[in-house]
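For reference, the structure is listed below as C-alpha cells.
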Amino acid sequence: MKVLVLNCGSSSVKFQLVETDEALAAAGKDHALAKGLVENIGGAAMLRYEAEGKRPVRETEEILEHKIAVERALGLLTRGDVGVLRDRGEIEAVGHRVVHGGERFKTSVRIDDEVLDGIEDCFELAPLHNPPNVKGYRAARDLLGAAPHVAVFDTSFHQTMPPEAFLYGLPYVLYQRHGIRRYGFHGTSHRFVSQRLAHLLGRTPDDPGLRLVTCHLGNGCSVAAIRGGRSQDTSMGFTPLEGLVMGTRSGDLDPAIVLHVMGKEELGVGEANALLNKHSGLLGLSGVSNDMRTLLAADAEGNERARAAVDVFCYRLRKYLAAYVGVLGGADAVAFAGGIGENAPAVRARSVRGLDAVGIAVDPKRNESARGTEGEISPEGASARVFVVPTNEELLIARDTYRIVAGLPPA
Ligand code: ADP
C-alpha cells in the first residue's frame with residue numbers, strides 16, 4: 001500500500017510516500033519511495049524533495065498556507081521528471097503525525113468527525129502543535145478525495161504510564177480540571193526503537209519480562225522506560241519542555257526559577273515561554289549553537305562553555321538512565337536514537353560514564369564505529385546490552401496507517 005505520511009508543524013510540512021504492507025513490514029522491507037519538506041510557510045518557502053533514483057529538488061516559492069504546501073508536495077510526487085506516482089489517486093491512505101492525543105487517544109485511529117473533534121479538544125494542551133496537524137489533515141482530505149486518513153499521536157504510547165509516574169506533586173484538582181499531568185512525547189520513536197530493540201535481542205516486544213530504556217536524542221530529547229512493550233515512564237511531561245537538556249529547551253528545572261526570572265527580567269508569559277523553549281538548553285548554556293556537531297567541535301577546540309553545555313547534557317541523561325534502570329528493576333537493553341544518539345559516539349560515551357554500577361557501559365571501539373547505523377556498542381557479556389537503533393517515525397506512522405485501513409489489530 002502506498003501511504004502518504006504528513007507531519008505538519010506551525011510553518012513546515014514534512015512528507016514521505018511509504019510503500020508498506022504486512023509482509024513488507026514483517027520483512028523490514030517497507031521504505032520511503034520519496035521524501036520532502038516545505039519550510040517557512042507564510043513567506044518565501046523552501047521546498048526540498050528527493051525520490052529514489054531521481055535528482056533532488058530544491059526550490060523556493062512564496063507559500064502562505066499549509067494547503068498550498070500539501071498541494072506542492074503532491075505536485076512533486078506526481079511530477080514527470082522527479083515524481084514516483086503517475087497520479088495522486090495512487091495514494092491509498094494518509095497517515096498524520098498528531099502531537100497531542102490527551103488521555104483520549106491511547107492508540108492510532110482512523111480520522112472521522114468524532115476523532116477530529118477529539119483532536120481539536122486537545123488544542124488547549126498543544127496550542128502550537130495540534131492546530132497545524134489539523135490544517136494538514138483538512139488540506140489532504142480536500143486534495144485527495146476518498147483516501148482514508150489515520151492519526152498517529154506522539155503521546156499515545158505513553159498512555160500506559162501508571163499514575164505514580166504521570167501525576168505531579170500539585171493539587172489533584174489541577175489534574176481534574178485542566179488535565180495537568182505528564183503525557184510524554186516522541187512516543188512513535190520510542191515505540192519504533194523499542195520494537196526494533198526487542199527484535200535485536202531475539203525477544204517479542206510484548207514479552208512481559210523485557211525491560212528497555214530508549215533514548216531519543218534529536219533537537220528534542222527524551223528517554224523512556226519500557227516494560228513488556230508498555231511505557232512505564234518518560235522524561236517529557238505536560239509539554240515537551242520537561243526532562244533532558246535539549247537543543248534550545250531547558251529540560252528539568254526548579255519551577256520557582258521561572259517566577260523569579262519573570263520578576264527580575266520583567267518578562268511576560270510569552271517571553272518566559274520563548275526563554276525556556278527557544279533560548280535555553282545547549283544554545284543558552286553554550287552561547288555557541290544548539291547543534292551538537294558544532295558544540296563537539298568547539299569543545300575539541302577548547303571552548304569551555306561548549307564543553308559545559310555538552311557536560312550538562314550528558315550528565316542529565318546519565319541521571320535519567322540510572323533512574324530508569326531503577327524504575328524497571330534492571331534493564332535488558334538500552335538504545336540510542338535520533339540525530340545525536342545515532343551519530344555522536346562522544347555523547348554516548350560521556351552519558352554512560354560511571355554507569356557500570358547499574359550494568360550500562362559501552363565498548364570504545366564498537367561505540368566509535370557505530371555512526372548512523374544499527375549496531376551493538378556494549379562490551380561482550382554486558383548485563384544491559386546497549387545498541388544504536390536509527391529511529392524511523394514516518395515508517396511506523398505508515399505501518400499503523402496500513403494496519404488500521406486494512407482492519408488489522410495494532411502491531
Ligand atoms: P530532529 O529532532 O529535528 O529530527 P535530529 O534527530 O536530526 O533532529 O537531530 C538533530 C541533532 O543531531 C543536532 O543536534 C545535530 O547536531 C545532531 N547530529 C547530527 N549528526 C551528528 C553528528 N555526526 N555528530 C553529532 N551530532 C550530530
Side-chain angles (χ1 to χ4, degrees), residues 5-16 32 35-40 46 48 50 97 99 128-129 132 152 154 184-193 196 214-224 234-236 239-241 243-251 277-301 303 306-307 309-314 316-317 335-351 362 367-375 377 388-397:
V5 176
L6 281 182
N7 177 357
C8 297
S10 56
S11 65
S12 68
V13 170
K14 285 190 198 151
F15 61 97
Q16 286 196 10
K35 38 179 102 170
L37 166 68
V38 185
E39 276 176 309
N40 201 31
M46 167 72 108
R48 292 170 215 263
E50 50 193 49
R97 178 207 181 196
V99 169
L128 298 180
H129 294 105
V152 179
D154 273 25
F185 299 86
H186 285 150
T188 314
S189 179
H190 289 294
R191 183 156 61 101
F192 181 89
V193 171
R196 189 70 210 147
T214 50
C215 308
H216 176 101
L217 311 176
N219 281 309
C221 300
S222 66
V223 197
T234 189
S235 57
M236 285 178 167
T239 72
L241 190 53
L244 298 178
V245 172
M246 313 179 207
T248 60
R249 295 183 207 139
S250 64
N277 279 291
K278 297 201 183 321
H279 305 294
S280 295
L282 293 172
L283 175 65
L285 272 165
S286 69
V288 172
S289 174
N290 62 318
D291 191 301
M292 186 58 87
R293 268 170 299 206
T294 311
L295 293 177
L296 290 170
D299 177 5
E301 284 167 11
N303 184 314
R307 166 157 310 171
V310 179
D311 281 343
V312 174
F313 181 96
C314 295
R316 180 77 52 85
L317 176 56
F336 286 95
I340 299 172
E342 292 162 28
N343 298 297
V347 172
R348 298 191 298 249
R350 281 158 83 163
S351 302
V362 297
N367 184 39
E368 265 314 309
S369 61
R371 291 171 190 261
T373 49
E374 190 172 274
I377 58 171
V388 171
V389 179
T391 192
N392 196 337
E393 289 156 283
E394 290 79 9
L395 191 60
L396 194 54
I397 292 172

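What you see below is based on every heavy atom in this structure, not just the backbone, and it leaves out hydrogens, waters and symmetry mates. One-based numbering, in listed order, for ligands and for the atoms of each.
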One pair to check against side-chain contact (heavy atoms from CB on, under 4.5 Å): Val389 and Thr214. What are the steps and the verdict?
CA-CA 9 Å; Val389 179; Thr214 50; over 6 Å; no
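- The protein heavy-atom contact nearest to atom 15 (C) of ligand 1 is Asp291 OD1, 3.6 Å.
- Ligand 1 has a nitrogen or oxygen under 3.5 angstrom from a nitrogen or oxygen of Met292.
- At a 3.5 angstrom cut-off on N or O pairs, Lys14 does not count as close to ligand 1.
- Among residue pairs with one or both ends in residues 6-16, those qualifying as side-chain hydrogen bond (donor to acceptor under 3.5 Å, both in side chains) are Asn7-Arg97; sequence neighbours excluded.
- Side-chain contact annotation: His190 with Ser222, donor-acceptor N/O pair under 3.5 Å present.
- Heavy-atom proximity to atom 7 (O) of ligand 1, evaluated over Ser189, Gly339, Pro345, Gly220, is greatest for Gly339.
- Using a 4.0 Å threshold on non-hydrogen atoms, atom 4 (O) of ligand 1 does not count as touching the protein.
- Under the side chain to side chain contact (heavy atoms under 4.5 Å, CB included) rule, Phe313 has a single partner from Leu295, Leu285, Leu244, Val347, which is Val347.
- Taking Phe192 as the reference, nothing meets the ring pair (Phe, Tyr, Trp, His ring centres under 6.0 Å) condition, with sequence neighbours excluded.
- Proximity of Met236 to His216: side-chain heavy atoms (C-beta onward) are nowhere separated by under 4.5 Å.
- Not a single N or O atom of Ala344, backbone or side chain, sits closer than 3.5 Å to an N or O atom of ligand 1.
- Ranked by closest heavy atom to atom 8 (O) of ligand 1, the top entry among Asn219, Thr294, Asn343 is Asn219.
- Residue Arg293 has at least one N or O atom closer than 3.5 Å to an N or O atom of ligand 1.
- More than 12 heavy-atom neighbours from other residues, nucleotides or ligands sit within 6.0 angstrom of CZ on Arg350.
- Ligand 1 has no nitrogen or oxygen under 3.5 angstrom from a nitrogen or oxygen of Leu296.
- In terms of protein heavy-atom proximity, atom 17 (C) of ligand 1 is nearest to Ile340 CG1, 3.6 Å.
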